[in-house]
Amino acid sequence: MPSRILIITEKPSSARKIAYALDDSGSPRNAKYGKVSFYVADRGDDELVVVSAVGHLYSIEQEGGGWTYPVFGIKWTPTYTQSKRASYTKQYLDAITGLAQNMDGYVSACDYDQEGSLIAYNIIKHGIGDKALVKSRRMLYSTLTTKELVSAWGSMSSSLDFPVIAAGKARHEADWLFGINLSRALTISARSFIDYKKVLSIGRVQGPALKFVYDLEQSVQSFIPIPYWKVSAETVIDGITYSLEYEKPRLEREVHAKDVADACRGKTGKAVEIKTEESRTPPPPPFNLGDLQREAYRHFKMNPSATLEAAEKLYLGAYISYPRTESNKIPPSIDVKDILENLSKNPVYMVEVKELISQKRFRSRPGKGDDPAHPAIHPTGQKPRRLKPEEQRIYDLIVRRFLASLGKPLVQLKTDVTVDVNGHLFFMRGVLTQRQGWAQVYAPYYMSKDQHIPEIKKGQDIPVTKLSTRRQYTKPSPRYNASSLVRKMEQEKIGTKATRSNIVDTLYYRGYIKGQSIFVSELGEKIVETLERYCPEIIQVKLTRDLEEELEYIAAGNKDAETVFSDVVAELKPILTKFKENEIQIGRSMSNTIQNKPAEENIACCKICGHERVDTSVFCHRHHVAYANIEAGYQQWRYALGYQWLEYLEKLVKVSGSGNYAKEIITDILG
DNA sequence: GCAAGGTC
Ligand SMILES: [Zn+2]
């Protein structure tokens, strides 16, 4: 019996590829439902209709009205009914539900992940109907190649993956409950005291991301610079100056620096060891989204979300593969040779590409990242037309990185000469590139400089022609920028490749963080401190880890989504009650009007800033930490320079790098 | 008007 089967994909590009892969003659018919493209493929006696969603077509909405909290009643409704920005999704939902009539079966062919499973499920359940649900199967593939798609079609499961769907549902619902309720609690509290027009927000990912910035700010403001000494020296051989690198990059005492200077300045040493080694640097792996965003920030100072936007355009133009991937691997099923042959038609890359083809280098060096649904970012080979400057930069970066990942190692000859001057060791280093390898094609983005070194024989005299010692100070950890904050989120495993950079944008938009070199605003500080008191969970990474654990139980079939929902409600109830009871006080502490004034009469106050004291201290938490750092720093300064307490404090206020909290205390002590 | 997650 011939059947008619509807295949639902997550995005238009996969619908097209699936149709071409499954059609017996490789030429499916392309038609339109309204403005939406779909495909009809013949496979045996069956007729396959392939149509796509555009991500989630259903989302969570509040049951009933009212901008209040707590709110625990939710429903799943079409996304296009919820926001104007999503109105374009209506035509896709209409197309799917329209084409779904008179089908014998349904296939969920969305991306191979939890969200993909949920996307198709919601469409089938809410858009087509429960009857369709039992006639649905799940198709799983990691790469959109004909071979893999045909095999995925053949090994389809006989039903949908309901436990995974339940996990996705639970994730959405938990995030909605936490996010909406706490955002409203913050906003309404702030407005109970001042006329605050903007809206405040917080969530499972925003919370810890803001806390990362806040914590770094605290450590910068309490930082005490510690002095150290650096020795720089030079020698002249055959009229050319070379630098001599002292064996210890840092000296901890001024007297040590003086000892080195006395022993070595103007003296002549001997080359005691000469080591020459061949060093091979393997090619870098192809990009995942995070790597691409970091490299684009490094070279073009492009914001991570701007990079994603440019990559998105390149993908929609079919110039690069899907960019929202965590993978650093190009699987063998991808026809690298074919991509190279197409790329070789582009004069910009022709020379390097032809060399790779002639050397049969078709295996890309794999990196660490994995992604169940997409390979690493790579060019398709199609020559781009009319790119904007930013898109052109991103395209070039992606192509060169992909070509580099196919290349031979960079081979360099590294020479280290050890020079003994009165028992002190110095090094002379030389680097000579023997083969560029991958670094040739990646040259615009990889600085590998050769360092000339003369021929030196063991035992040869090496005069120290110049030697100086300089006092320097340790510096606080550098503040985050958008790129390094996204990386921190990656390292802490919060957010996803597609959302991290947007969530950083949200923190800016709310006014919680400011500057290219990111600092936390007063508002951001108040948000963190309020939540530390009323809902510390939401600013901790642990909430994500705990949720993930619950989701794993659900996906394994050992728990249901409803239990997680009621657990979250039970967790939120007392938190939101406390918020309600203290709205005015929270609002007051969030407003700026009481800045630097004692909080309440009967509470002991920090002698510097008037905030509440910590037990056993005359300071608030911040100034308490800063004072402890000042005391610890004194020990190191006394060792380094022999300074006395007052001398130390007077110097500290003048040194750049001393944190403001520390300076405030010192100013108070010095009067 | 609030989240985080898809994708245009
Ligand atoms: Zn204080």
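Every chain is numbered from 1, with letters handed out A, B, ... down the list of sequences. Model, not experiment: these values are computed from the prediction.
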- Message: Does A/Ile584 have more than 12 heavy atoms from other residues, nucleotides or ligands lying within 6.0 Å of its CD1?
- Response: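 No.
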
Students often get this wrong, so: under 4.0 angstrom with heavy atoms, is [X] touching a base, only sugar-phosphate, or nothing?
{"X": "A/Asp111", "value": "sugar-phosphate"}
{"X": "A/Tyr322", "value": "sugar-phosphate"}
{"X": "A/Leu177", "value": "nothing"}
{"X": "A/Tyr92", "value": "nothing"}
{"X": "A/Gly168", "value": "nothing"}
{"X": "A/Val205", "value": "sugar-phosphate"}
{"X": "A/Leu182", "value": "nothing"}
{"X": "A/Arg510", "value": "sugar-phosphate"}
{"X": "A/Arg324", "value": "base"}
{"X": "A/Thr499", "value": "base"}

- Message: Looking only at the side chain of A/Thr506 (C-beta and beyond, no hydrogens), which of the listed nucleotides B/dA3, B/dA4, B/dG6 gets closest?
- Response: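 Output: B/dA3.
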
- Query: From the list B/dT7, B/dG6, B/dA3, which nucleotide is the closest neighbour of the side chain of A/His56?
  - Reply: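 Closest of the options to the side chain of A/His56: B/dG6.
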
- Task: Return the value, rounded to whole Å, for the distance between atom CG of A/Leu200 and atom C1' of B/dC2.
- Result: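 Going from A/Leu200 (CG) to B/dC2 (C1'), I get 10 Å.
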
- Message: If we ignore hydrogens and angles and just use 3.5 Å, is the side chain of A/Arg184 paired with the main-chain N or O of A/Thr68 as donor and acceptor?
- Response: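 Between the backbone of A/Thr68 and the side chain of A/Arg184 there is a qualifying donor-acceptor contact (under 3.5 Å).
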
- Message: Does A/Lys11 qualify as a cation-pi partner of A/Tyr315, given the criterion of NZ or CZ under 6.0 Å from the six-membered ring centre and within 45 degrees of its axis?
- Response: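 Relative to the ring axis of A/Tyr315, which defines the angle, A/Lys11 lies outside at least one limit.
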
